[in-house]
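The next block holds one structure in the form of structure tokens; read it before the comments.
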Amino acid sequence: MTDQIPISITVNGRSVRRFVDPRLLLIHFLREDLGLTGAHIGCETSHCGACTVDLDGMSVKSCTMFAAQADGATITTIEGMANPDGTLSVLQESFRQMHGLQCGYCTPGMIMRASVLLRENPDPTDDEVRQGIAGNLCRCTGYQNIVKAVRHAAAVINGRPSQEAAE
Amino acid sequence: MNEMVITREQREARLEGMGCKRKRVEDIRFTQGKGNYVDDLKLPGMLHGDFVRSQYGHARIKRIDAAKARALPGVIAVLTADDLKPLGLHWMPTLAGDVQAVLADGKVHFQNQEIAFVVAENRYVADDAIQLVEVEYEELPVLVDPFKALDPDAPELRPDLAGKTVGAHGPRKHHNHIFEWTVGDRAATDEAFNRADVTIKEMISYQRVHPSPLETCQCVASFDKIKGELTVHGTFQAPHVIRTVASLLSKIPEHKIHVVAPDIGGGFGNKVGAYSGYICAIVATIVTGQPVKWVEDRIENLSTTSFARDYHMTTEIAATKDGKVTGLRVHVLADHGAFDACADPSKWPAGFFNIVTGSYDFPVAHLAVDGVYTNKAPGGVAYRCSFRVTEAAYCIERAMDILAHKLGLDPAELRLRNFVRRDQFPYQSALGWEYDSGDYDTAMRKAMDAVGYAELRAEQARRREAFRRGETREIMGIGVSFFTEIVGAGPSKNCDILGVAMFDSAEIRIHPTGSIIARMGSKSQGQGHETTWAQIIATELGIPADDIMIEEGNTDTAPYGLGTYGSRSTPVTGAAIAMAARKIKAKAQMIAAHLLEVSEYDLEWDIDGFRVKGNPERAKTMKEIAWAAYNSPPPGLEPGLEAVNYYDPPNMTYPFGAYICVMDIDVDTGVATTRRFYALDDCGTRINPMIIEGQVHGGLTEAFAIAMGQEIRYDELGNVIGASFMDFFLPTAVETPVWETDFTVTPSPHHPIGAKGVGESPNVGGVPCFSNAVNDAFSFLGATHIQMPHDAWRLWQAAQDLGA
């Protein structure tokens, strides 16, 4: 067997040190070694984005990255997104208010992606949201309410009235 | 302290009952990544199973050598058909009355067919071991074209059926023939065609596609040798059926099998059937004594578990010259792949395809369906569809447009002239169904008004002139579709799966303090049952929805039900919920009468309790009644307040809708842009309008994907082309159109709350609407029917062929 590689990662604010197989995918490290099962596997080819996590401020598809490559990184997963008091963050609550999810399988990746999108573009248009989440597939919602959710969150974060309403 | 006086409206509102846009309770966990999906489950000592699969579409297996794989550290077992034979599990029965190889038994029938099951300590080692299993093949001639399946010299695909001249659905006329299914009056239909002023005939194909939920099929099987009990967690749309099938196959008594369907990441029909992975994981846990997980990858999902459609429908309509339809004749060539594993009610080899007369008053019709074997994956599932209803709707809606074109009539006008009229319901269709209720004319006219239909046609005429003058290279299409679905399978008189009648069930328990736990035989895969089922109970029993816990998917605790697919949950389970609630309400009324010292007949229901008629101050809330039910029931009445109902529906329900699509197509690139898509749905009583709209958005997006790009294609050698998200078209947010939704409400007269179901309507109506828009765009250039999928390449080719 190949020698294991030592890695040191900060995940959701917690420092983690482990020895991993060189070929261990980051998604399996998160899900199986750390028990963070929020990020999902939908395609193994980086098309669907269900495995999206935040790595050093970037959206990363953790199914196509080795855990060893994340050595030294700071990672946030969906489990690290709620407010410190355990309530839903604005973005999470917006997905609920706008009915931006159905089966919930794409949702963690979608929210992680949307959080980076809103950091990069705090007040996106519909088209900018659609472009911004184009790397994340959803089979249930048809995206319309996800777009609403992201724009609603932007409005709340920016302190102005939201134009969005779930029908 | 003064108690706050609350109004009737406030009492009603706090229930969050039927008709309100209640936010989903599921979302609290899903938005935090705290859903509980199968692959999240990790049991002590759990092993991982994975398949060795066939490279070839059709080949004899000369040798399987798993020695090197077995020698790999971390590999526990490698199972082949020979290992399953002593257990009688190398073949399994399908839902359609055929048999299917669990692991290839001397022969492979389609590419990626399961050959061996490797069980290892983890996913990575299992994958390594797969590469080490040597399979020696002898290639056989491959049959992928269903139109050649019944040729006299076509290769024989199923030697295991040799000499079997009668299948599960009647005589077989060829070695690759599965069944012929006919419905309707052939002679009267022929006569209608003989007398017709106008006829059309077109071969309308609905290509092979795949439901492709974002979560693939998977399970964890765990056998307790001491107790002799099997627990299977899996992606099951119908967990009770899986339990029964598992018991029949494994001979483990059903009470010792615990099937659990946790949160499911989308189903769309993919997760109804029983697959080799489940069987092998069960065998492997029994053999090893350790839990075994099996998780499909995406390529395996797209290429092996459950395709949909692959129907080739030769369609003829007879009509008068003023556009009144007089007869419908359809022959379907149905490509079922290598095994007939269609997930239809057992007596329906082509599902409910005989809804093909659609929304129109055909006096006579005849339908014949021939099912054939090819070297393709088995399946034929109801992908967001009630058993071939999508195919039927596509068939009739395309054919009506072709007829309109031939008659020089507007497609909407032709539909209006032929609709089943409101006063004809309940309506007996020429192919045997009794439509429960409908108001098609109102829906169609509302849709036309909403989009400004006449002005759109005028714009189209102007743009066609501009195109002819060479001023634009863009053509405009207006797609109209009007669908009638048949959902809610189904009445036990004609619907069963392997002999199990297709009822569904609900059990409601009110606790002493007035909160509720309720369990159903259905299983949500994203439909939001935990939210909507509570709304039905809230309205029926006057307990706030927030005080009602809904639980599905655990076969130990939930009453037996047939699960969730074919838009059957609201029509069947929803009815069971209302009926169980009404049993409770009847007992509650007795208790209230006792508490208020009046006769039951002096009481009336009022939002959240019973009050004395004419004296509304004297009342008992359901919460008060619940306490009394346990602690001071009337003499002679047993304590407690709970009920179960198994609901056998008297009829199907028939949702309908009018959809209109406006599309612009660039003839030089083939790129189609959906300018507008309007969808009016009538699903009867609306339980949660927010969730209905979400279902419509999702179904339309799947319809868009199917019509505009999806196809599971095979080359001549039987190689499956494009079985990954690289090639199989799943639209992103960028391609997906913006949806406009609308509704009318025509309740079902036979359903306790009048609801009809909606989940599949948008897919059923959406696909023909998109395809009609494309065909409408090209019609002035001479096109009659352009086959799906309408991707840019094919649309560009169509434009070239038409000299555009």
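This one's a predicted model, so the numbers in the text were calculated from it and none came from an experiment. Throughout, protein chains are lettered first and strands after them, A, B, ... in sequence-line order, and every chain is numbered starting at 1.
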Where [X] and [Y] come nearest, the two heavy atoms and their spacing:
X: B:Pro731; Y: A:Leu137; answer: O-CD2, 3.8 Å
X: A:Cys43; Y: B:Phe725; answer: CB-CD1, 3.5 Å
X: A:Ala50; Y: B:Leu214; answer: CB-CD2, 4.4 Å
X: B:Asp40; Y: A:Arg31; answer: OD1-NH2, 2.8 Å
X: B:Phe268; Y: A:Cys140; answer: CZ-SG, 3.9 Å
X: A:His99; Y: B:Ile691; answer: NE2-CA, 3.8 Å

Per-residue contact mode, [X] against chain B (heavy atom under 4.5 angstrom):
X: A:Glu93; answer: neither
X: A:Ile111; answer: side chain
X: A:Leu91; answer: neither
X: A:Thr141; answer: backbone
X: A:Ala134; answer: both
X: A:Leu24; answer: both
X: A:Leu88; answer: side chain

In terms of heavy-atom proximity below 4.5 Å to chain A, should [X] be classed as side chain, backbone, both, or neither?
X: B:Tyr124; answer: both
X: B:Ser212; answer: both
X: B:Thr701; answer: side chain
X: B:Thr736; answer: both
X: B:Glu735; answer: neither
X: B:Pro73; answer: neither
X: B:Asp297; answer: both
X: B:Arg123; answer: side chain

Kindly compute the distance separating [atom1] ([X]) from [atom2] ([Y]), expressed to the nearest 0.5 Å.
X: A:Thr37; Y: B:Asn36; atom1: OG1; atom2: CG; answer: 8.0 Å
X: A:Thr107; Y: B:Gln32; atom1: OG1; atom2: CD; answer: 12.0 Å
X: B:Glu693; Y: A:Asn145; atom1: CD; atom2: CG; answer: 6.0 Å
X: B:Thr31; Y: A:Leu101; atom1: OG1; atom2: CG; answer: 7.0 Å

For this session: For atom CZ of A:Arg119, decide whether the heavy atoms of other residues, nucleotides or ligands shown that lie under 6.0 angstrom number more than 12.
Result: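 Atom CZ in A:Arg119 is crowded, with more than 12 foreign heavy atoms closer than 6.0 Å.
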Exercise. Would one find more than 12 heavy atoms of other residues, nucleotides or ligands at under 6.0 Å from atom CZ of A:Arg17?
Worked result: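 Open: at most 12 neighbouring heavy atoms sit under 6.0 Å from CZ of A:Arg17.
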Exercise. B:Val738 versus A:Gln144: any side-chain heavy-atom pair under 4.5 Å?
Worked result: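 Contact flag for B:Val738/A:Gln144 side chains = yes.
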Exercise. Looking at A:Tyr143 versus B:His697, is the centre-to-centre ring distance below 6.0 Å?
Worked result: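 No, the ring of A:Tyr143 stays outside the 6.0 Å limit from the ring of B:His697, centre to centre.
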Exercise. Picking from A:His40, A:Glu79, A:Arg130, A:Arg139, which has the most non-hydrogen pairs under 4.5 angstrom with chain B?
Worked result: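 Result: the option with the highest number of such pairs is A:Arg139.
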Just by distance, do the side chain of [X] and the backbone of [Y] share a donor-acceptor pair under 3.5 Å?
X: A:Arg96; Y: B:Ile28; result: no
X: B:Gln525; Y: A:Cys103; result: no
X: A:Gln102; Y: B:Gly694; result: yes
X: A:Glu44; Y: B:Arg298; result: yes

Exercise. Should B:Met726 and A:Thr45 be marked as a side chain to side chain contact (heavy atoms under 4.5 Å, CB included) after you check the CA-CA gap, both sets of side-chain angles, and the distance that decides it?
Worked result: CA-CA 8 Å; B:Met726 187 76 85; A:Thr45 50; over 6 Å; no
For this session: Among B:Gln695, B:Glu215, B:Arg29, B:Lys34, single out the residue with the greatest number of heavy-atom pairs under 4.5 Å to chain A.
Result: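 Maximum pair count with chain A is reached by B:Glu215.
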Exercise. Under a 4.5 Å heavy-atom cutoff, which of B:Asp39, B:Ile264, B:Leu700 has the most pairs with chain A?
Worked result: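 The residue among B:Asp39, B:Ile264, B:Leu700 with the greatest pair count is B:Asp39.
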For this session: Could you tell me whether A:Arg23 and B:Asp128 have a side-chain N and a carboxylate O separated by less than 4.0 Å?
Result: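 Counted as a salt bridge, because a side-chain N and a carboxylate O are separated by less than 4.0 Å.
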